[in-house]
Protein chains: 2
Amino acid sequence: MEPVPMLLAMTYRALGDQFHDRLGQIGLEPLRPAHGYVFRFLKEKRATTVDIGQHLGVTKQAAAKIVTELDDWGYVLREPHPTDKRAQYVTLTTKGRDYLKFADNLWADLESEMAEAIGADTLATIKSGLAAYLRHVHGEDQPGLRPVW
Amino acid sequence: MEPVPMLLAMTYRALGDQFHDRLGQIGLEPLRPAHGYVFRFLKEKRATTVDIGQHLGVTKQAAAKIVTELDDWGYVLREPHPTDKRAQYVTLTTKGRDYLKFADNLWADLESEMAEAIGADTLATIKSGLAAYLRHVHGEDQPGLRPVW
DNA sequence: AAGGTTAGACAACTTGGTTGACTACTTTGG
DNA sequence: CCAAAGTAGTCAACCAAGTTGTCTAACCTT
């Protein structure tokens, strides 16, 4: 049997490719995974560029590039930080929230197709098993998501 | 709960980081994942640079760079193809096979630690579940491994 | 008020890939 | 059997997405 990491990488890849393909078919600009993770992060909390870098596990400079792109494309905007004149909050625009909603539906589709293919109970075991392992390794403060290869 | 792809990426990452750290502690040069996948591939079959590129899911030029590195470091050597004068077989040296053996043990350690953390049965379900999904998506001819982020 | 820290911007560089072009050899089809 | 098309490998130019390093302005001690 394949070693675990290989299985993880290939499955991630298979899911990601399908996601990407379907977005493309709809004609939606296929942002990179990092962009999606930023959306997901911004939905939860107000965040600065530095926060985003932390969350993604990249330098603030790299995060700044991503934020600039998203800003140029109209998915986010920067608004002044209420108390800190150096900082800016990055917030989702309506376009950004719509994209996220659409993407979430797509992910849900893929996940339920996966459940259908291998069994909902198996999928549930996979999810809780991986989550348990991550807690085991990292405790409560998970690190950034960071590139993988 | 986190979406599946996130869990996959984070777990892959967590395992890979531990692997990398432990290799570093031993003082062994920590090759990149791609190198490891090449070793694993060469153990199975005789392969040319083009084959390797195919397997990794990168261009032959990118594969050639990797092979050149491995050659320079003494992990593989190129020998003339018996029937095709253009081609060369890339084969593991003893150093390469030793590295692979060592890495395999390390992976096995990590996997059994994972089994201990989440239960051997859960791990087994994860592995077979993911494998089943990959068969479902790709049929028998799996694509390359390819970068992920 | 002084000294250390932090958010963000700018620039130079690195890494790991890409595309394109070319040579030498191989395979195929009339 | 040979001409045309295809393939292995190499070289070179380029690109994307990160990195490090430096700087300014603002912030936080004390």
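What you see below is based on every heavy atom in this structure, not just the backbone, and it leaves out hydrogens, waters and symmetry mates. For clarity, every value in this text was computed on a predicted model and none was experimentally measured. Numbered from 1 within each chain, the chains take letters A, B, ... in sequence-line order.
Not a single donor-acceptor pair under 3.5 Å links the side chain of B/Lys43 to the backbone N or O of B/Leu92. Listed for the B/Lys127 side chain is no donor-acceptor partner under 3.5 Å among the backbone atoms of A/Leu7. At least one donor-acceptor pair under 3.5 Å links the side chain of A/Thr93 to the backbone N or O of A/Gly74.
Aromatic ring centres of A/Tyr12 and B/Tyr12: separated by at least 6.0 Å.
In this structure, NZ of B/Lys65 is placed 14 Å from P of C/dT14, rounded to the nearest angstrom. When rounded to the nearest whole Å, the span between CD1 of B/Ile66 and P of D/dT10 equals 14 Å. As a whole-Å value, the separation of A/Leu56 CG from D/dG18 P is 8 Å. Residue A/Leu31 contributes atom CG, which lies 15 Å from atom C1' of D/dA17 at whole-angstrom precision. Atom OH in A/Tyr37 sits about 17 Å away from atom C1' in D/dG18, given to the nearest Å.
A side-chain donor-acceptor contact under 3.5 Å links B/Asp51 and B/Thr48. A donor and an acceptor atom, one from each side chain of B/Arg97 and B/Thr91, are nowhere located under 3.5 Å apart.
Within residues 76-90 of chain A, the residues that have a heavy atom under 4.0 Å from DNA chain C are, in order of number, A/Arg86, A/Ala87, A/Gln88.
For A/Thr59, no side-chain nitrogen or oxygen approaches OP1 or OP2 of D/dG18 to under 4.0 Å.
Other residues, nucleotides and ligands contribute only 12 or fewer heavy atoms inside 6.0 Å of the CD atom of B/Glu116.
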Check: protein-nucleotides 20-23 of chain C nitrogen or oxygen pairs below 3.5 Å:
residue	atom	partner	partner atom	Å
C/dG20	O6	B/Gln61	NE2	2.7

Between A/Lys45 and A/Phe41, does a side-chain contact (heavy atoms from CB on, under 4.5 Å) hold up when you go through it step by step?
CA-CA 7 Å; A/Lys45 40 183 65 150; A/Phe41 185 54; 3.5 Å; yes
